[in-house]
Amino acid sequence: MNGWMGNILHIDLSSSKISEIETRPYAEKYLGGRGIASKLYWDKVTPDVKAFDPENRLIFMTGPILATGAQGAARLCVVAKSPMTCPEGYCYGSMGGHFPPQLKKAGWDGIIFDGKAPKPVYLLVDNDRVELLNASMLWGKGAYEVGNILTKTHGDRSCFATTGIAGENLVRSATIFGSQEAAVTAGFGAVMASKNLKAIVVRGTGNVKVTEPTKLKELNKYTLKIKNTVSLAIVPRIGNSNHGHILETTGLRHCYQCGLKCSKYIYRYGKDPELEGLRGCQSMEYYLPWLYGHEDEPLKTLFDSPTLANDYSIDTFELQSMVDWLYACYTTGALTEAETGLPLSKIGTLEFLENLLYKIAHREGFGDILAEGMMRVRDKVSPKAAALFPYNVAPVGLHDNIPPRAFIAHALMYPFETRMHPITVHEMGYANMAWAEYQNDPKSSTVSPDTFLEIARLFWGSEAAADQTTYEGKAMAARNIQNRTYLRDSLGLCDYVWPITYSFSTRDGAGDSELEGQIFTAVTGMPASVLDVYAERIFNLQRLIRVREGHKVPGDDYPPDYNFTVPLNEGMHGRKMIMPGPGAQPADMSGNRLDRDKYKAMLKEYYQLRGWDEQTGLPTKKTLKALGIENLV
C-alpha cells in the first residue's frame, strides 16, 4: 500500500503493553487521518465513557499523502472524546509542523492510547524502538521546558508533543503543544494528562513509498507555480483594528518538505530585533492591549502572549472569548476584582494576562471556574454576568467569524460539526478575500466576478453557489466543501494550501479542482475517483457517531437561533459585509438574517444529496449499504 506504512501503534497505558494494529483493513474503507481515527473511536469509545475516563482513547492518525514530499502535506488528525464539548463527546483536532511526518517516517501510520499509566510517562518512538519512559522529572513543567529537555535528551532531529500545567490540572481547554509551535485544541491536552501521559517523542529515518515519484515531482512544481494567492501575513483582528503596521515578516515557518506560504511566519514586532520569533494565526491576536484601553502597553506583551498561553497549554480561542467577556463584565459592574481575585482594571496589560493564565492553569480561586471552559462558566456566575456572554461562543472555537448570515452555505456547516472547524469555512472565505481585493483594486487580484463564478462552478457545483443573496446551490456547495474538508483531514493535507480555488498565476484566475486527486494517484496508484466514496463514507460515519452520542435530528441540524432573529449589523472582524450577489457582483449583506423556511428547504435538499431520510435526517439503509458500512447500525 504505497502511501501508508502498514501499522498503527496501540499503547495500553494501564498495563504498559505495546502492540500493533494493521492499517490496511481501516485504510481500505476510511483512508487515513480523520477517517481511520473516527472508525477506531466508533469501535472503542462507547457513549457512556467520559473524557477523563481511562476508557477514552486518544488517537493520533496520519494520512497517505503525509511525508511523501507533496506540498502542504504535513498534518495529522487527533480524535478523542473531548472535555470541551457540551455534553462531552466525539471531537477532533489537527497538528502540523514536523511531528506528524516524523511519526510516519518512523514507520507508523498512527498511535492509539488507552488506559491510564500508574505514574507519569512519556512515549518514545525512534523508528521501530518504542518505549514508555519515566516522566516524573517532566511533570509540573511547562511545555517549552519539556520540549527543551526532550530535544536535549533525544537529539535535535526528534520532535515532541506535550501538554503544560493546564493539561495536568485537567483544565478543559488544555491543548497539546508540539515542535514548531504546533498545537491541537479541543481539550486534548487534558485528555492526554488524564492518562498520565506527559509527552510523545518521535524520530524517524525511513521513507514513504510513492507509486509515481517523477509524476509527484511534476505536480509539486505545478503546485508551487499556481499557489499564488492573497497574503495571510497580517492576521485579521490586528489588521482590522488598524495595527497591521506593527508586524514585519522576516522569514517563513516551513512545515516538513513544504515550500509554500501560509499564515506561519517569523515576525518582528515594532521593528524591534528583540521582539522577533515564530508566530501564526489566531494565537497572535487573542490578547490585543489596545482593545482594552491600553494603547501604551509595551509591544512585548503582544509578542509574548502566544508563548505564555502555549507554555501553560491553554486554548487561545477560549482565552479570546474569556478576556472579552471579563472586560465587558468589569466595565458594566457585573463582576468585580474582589469577586474574581483578578486585576480586572488592568485587562490589556501583561500583569493581568500572567495572573489570569496562572489562576486558570492552577485552578486557583475564580480560575477554577474559568478552567471549566466558557460553555460551562455561564451556569456558574450571576445572571448579570451571564447576560454579557459573547453570543458566538462555541464548545471549541468561535462561531460566526465567517457568518452564515453572509455565507449561506455555512449555515449547513456549523451544525454538522462538534466544534467550530475553521478549515470547513475557510474555503469560501479565502476565495471571497481575493474577490474582495478585486473589488477594492482590480490590479491587486485576478478574481473578477467572472472568475468567481468559475470557481463556484468548479468547486461548489454551480454558479448559483456564488450568489450569497439566494439559497440556490448552497446545499450542493456545503456538501462539496465538507467532503473536501474530510478528505484533507484524512489525507494529511493543510487547509492553508488546499484546495487551490484561485490563483494569480493562471490565465483565468481560477484554481485547480483536480490537483489533490492527481497527487493522491501519484502517491498511492489508486484512481482519484475513489475519493468521493471515501468522503461520503467518512462523513456518514461521523454522522452515526454524533447521533449515537445524542445529536438530535433534525432539530440539532439548525445553526444557532440568532442567525434567524438578529440582523447582521457588521461583517467579519467589524467590516461591512459586502458579498458576491447576482453575477458575483457586490451585494451588501449587512442586516441579513437567515430565513427559517428557506433554510428548512435547503436542509431537506441537503439530506437528499447525502442520501438521508428527508424527514429524520438519518442515513438510509440503502445509502449505508452502498457505502459498505451497513454493519455499523
Side-chain angles (χ1 to χ4, degrees), residues 226 228-230 236 400-413 424-484 499-514 559 563-564 567-573 575-606 608-609:
I226 71 165
N228 181 10
T229 55
V230 171
D400 220 37
N401 274 355
I402 307 179
R405 288 170 288 177
F407 293 80
I408 304 299
H410 288 181
L412 284 169
M413 297 181 194
T424 309
V425 296
H426 275 166
E427 182 172 319
M428 275 191 165
Y430 287 162
N432 191 74
M433 286 172 60
W435 174 88
E437 288 283 328
Y438 182 91
Q439 299 305 314
N440 293 330
D441 178 9
K443 294 180 181 179
S444 68
S445 171
T446 59
V447 183
S448 65
D450 284 344
T451 299
F452 198 78
L453 291 174
E454 178 66 4
I455 291 169
R457 186 185 66 79
L458 288 173
F459 289 87
W460 307 327
S462 71
E463 291 188 357
D467 181 0
Q468 299 302 329
T469 67
T470 176
Y471 290 69
E472 184 182 353
K474 304 308 183 294
M476 175 72 77
R479 188 198 68 169
N480 288 358
I481 292 170
Q482 288 167 329
N483 282 6
R484 239 185 326 269
I500 303 176
T501 56
Y502 71 94
S503 172
F504 296 158
S505 299
T506 58
R507 291 185 62 183
D508 62 358
D512 191 328
S513 61
E514 299 179 356
N563 288 283
F564 300 98
L568 183 63
N569 292 322
E570 60 182 26
M572 179 172 46
H573 308 294
R575 295 180 175 180
K576 286 190 74 173
M577 187 56 79
I578 305 299
M579 297 292 294
Q585 295 297 324
D588 187 358
M589 298 293 285
S590 303
N592 188 51
R593 290 175 291 189
L594 292 181
D595 182 289
R596 204 174 295 273
D597 289 336
K598 291 179 179 178
Y599 180 81
K600 183 178 181 180
M602 181 173 67
L603 182 61
K604 183 177 180 179
E605 179 188 353
Y606 177 84
Q608 292 172 338
L609 290 169

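Predicted model only: the values in this text are computed from it and were never measured. Starting from 1, each residue takes its place in the sequence as its number.
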K.L.:
Holding to salt bridge (Lys or Arg N to Asp or Glu O under 4.0 Å), I want the full list of residues that pass it with Lys600, two or more places apart in sequence or in another chain.
P.N.:
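For Lys600 there are no salt bridge (Lys or Arg N to Asp or Glu O under 4.0 Å) partners, ignoring immediate neighbours.
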K.L.:
Nearest 0.5 angstrom please: Lys474 NZ to Leu603 CG, how far?
P.N.:
15.5 Å
K.L.:
How far apart are the closest heavy atoms of Gly511 and Leu458, and which atoms are they?
P.N.:
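Scanning both residues completely, I find the closest heavy atoms to be O-CD1, 4.2 Å.
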K.L.:
Tell me, please, which residues at least two apart from Arg596 pass salt bridge (Lys or Arg N to Asp or Glu O under 4.0 Å).
P.N.:
Asp561
K.L.:
Could you tell me whether the side chain of Ser505 and the main chain of Ile226 form a donor-acceptor pair under 3.5 Å?
P.N.:
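Absent.
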K.L.:
Can you give me the closest heavy-atom contact between Phe504 and Ser445, atom names plus distance?
P.N.:
CE2-OG, 3.5 Å
K.L.:
Please determine whether side chain to side chain contact (heavy atoms under 4.5 Å, CB included) holds for the pair Leu609 and Met476, giving the CA-CA distance in whole Å, both sets of side-chain angles, and the decisive distance to 0.1 Å.
P.N.:
CA-CA 7 Å; Leu609 290 169; Met476 175 72 77; 3.9 Å; yes
K.L.:
Can you check whether Met579 reaches Asn432 side chain to side chain, under 4.5 Å on heavy atoms?
P.N.:
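Yes. Closest side-chain heavy atoms under 4.5 Å.
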K.L.:
Could you please spell out the steps behind the side chain to side chain contact (heavy atoms under 4.5 Å, CB included) verdict for Leu568 and Arg593?
P.N.:
CA-CA 7 Å; Leu568 183 63; Arg593 290 175 291 189; over 6 Å; no
K.L.:
Run the side chain to side chain contact (heavy atoms under 4.5 Å, CB included) test on Met602 and Ile408 for me, step by step, so that the C-alpha distance in whole Å, both residues' side-chain angles and the decisive distance to 0.1 Å come before the verdict.
P.N.:
CA-CA 10 Å; Met602 181 173 67; Ile408 304 299; 4.0 Å; yes
K.L.:
I want to check something: taking the side chain as every heavy atom from C-beta on, are Thr446 and Thr451 in contact at a cut-off of under 4.5 Å?
P.N.:
no
K.L.:
For the residue pair Pro449 and Tyr438, establish whether any side-chain heavy-atom pair is separated by less than 4.5 Å.
P.N.:
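Yes, side chains in contact.
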K.L.:
Just say parallel, tilted or perpendicular for the rings of Trp460 and Phe452, cut-offs at 30° and 60°.
P.N.:
perpendicular
K.L.:
List the residues meeting salt bridge (Lys or Arg N to Asp or Glu O under 4.0 Å) with Glu454, not counting sequence neighbours, and say none if there are none.
P.N.:
Arg457
K.L.:
Of all the heavy-atom pairs spanning Met433 and Val230, show the shortest one and how long it is.
P.N.:
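Taking every non-hydrogen atom into account, CE-CG1, 3.8 Å.
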K.L.:
Quick one, Leu412 with Tyr599, criterion side chain to side chain contact (heavy atoms under 4.5 Å, CB included). Give me CA distance, side-chain angles, the key distance, then yes/no.
P.N.:
CA-CA 9 Å; Leu412 284 169; Tyr599 180 81; 3.6 Å; yes
K.L.:
Could you check Arg405, Met577, His410, Met589 and say which one makes a side chain to side chain contact (heavy atoms under 4.5 Å, CB included) with Gln468?
P.N.:
Met589
K.L.:
Do other residues, nucleotides or ligands put more than 12 heavy atoms under 6.0 Å from the CD atom of Gln608?
P.N.:
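Yes, the 6.0 Å shell around CD holds more than 12 heavy atoms from other groups.
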K.L.:
Without swapping roles, check the side chain of Lys598 against the backbone of Thr470 for a donor-acceptor pair under 3.5 Å.
P.N.:
no
K.L.:
Among residues two or more places apart or on two chains, list those pairs meeting salt bridge (Lys or Arg N to Asp or Glu O under 4.0 Å) that have a residue in residues 435-452.
P.N.:
none
K.L.:
Check the angle between the aromatic planes of His426 and Tyr430 and answer parallel, tilted or perpendicular using the 30° and 60° thresholds.
P.N.:
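Rings of His426 and Tyr430: parallel, as their planes differ by under 30°.
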K.L.:
Flag the pair Phe459 / Asn480 as yes when at least one side-chain heavy-atom distance between them is below 4.5 Å, and no otherwise.
P.N.:
no
K.L.:
Checking Thr229 now: which residues fulfil side-chain hydrogen bond (donor to acceptor under 3.5 Å, both in side chains) with it, not counting sequence neighbours?
P.N.:
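side-chain hydrogen bond (donor to acceptor under 3.5 Å, both in side chains) check on Thr229 returns nothing, list empty.
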K.L.:
Would you say CD of Glu472 has more than 12 non-hydrogen atoms from neighbouring residues, nucleotides or ligands within 6.0 angstrom?
P.N.:
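At most 12 heavy atoms, drawn from other residues, nucleotides or ligands, come within 6.0 Å of this atom.
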K.L.:
So which atom in Gly581 and which in Ala587 form the shortest heavy-atom distance, rounded to 0.1 Å?
P.N.:
CA-CB, 3.9 Å
K.L.:
Which heavy atom of Pro567 sits nearest a heavy atom of Gly591, and at what distance?
P.N.:
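Smallest heavy-atom distance, with atoms named: CB-O, 3.6 Å.
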K.L.:
Going from OG on Ser590 to CD1 on Ile578, what distance comes out if it is rounded to the nearest 0.5 angstrom?
P.N.:
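It is 5.5 Å, given to the nearest 0.5 Å.
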K.L.:
Determine whether Tyr471 and Asp595 make a side-chain contact, defined as any pair of heavy atoms from C-beta on separated by less than 4.5 Å.
P.N.:
yes
K.L.:
Indicate yes or no: at least one non-hydrogen side-chain atom of Met413 is less than 4.5 angstrom from one of Ile481.
P.N.:
yes
K.L.:
With sequence neighbours excluded, what pairs up with Asp588 under the salt bridge (Lys or Arg N to Asp or Glu O under 4.0 Å) test?
P.N.:
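Applying salt bridge (Lys or Arg N to Asp or Glu O under 4.0 Å) to Asp588 gives Lys576.
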K.L.:
Looking at every non-hydrogen atom in both residues, tell me the closest pair between Asn563 and Asp400 and how far apart they are.
P.N.:
OD1-OD1, 4.1 Å
K.L.:
Under 4.5 Å between any side-chain heavy atoms of Tyr502 and Trp435, yes or no?
P.N.:
no
K.L.:
Heavy atoms, side chains only, cut-off 4.5 Å: are Pro559 and Leu594 in contact?
P.N.:
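Yes, side chains in contact.
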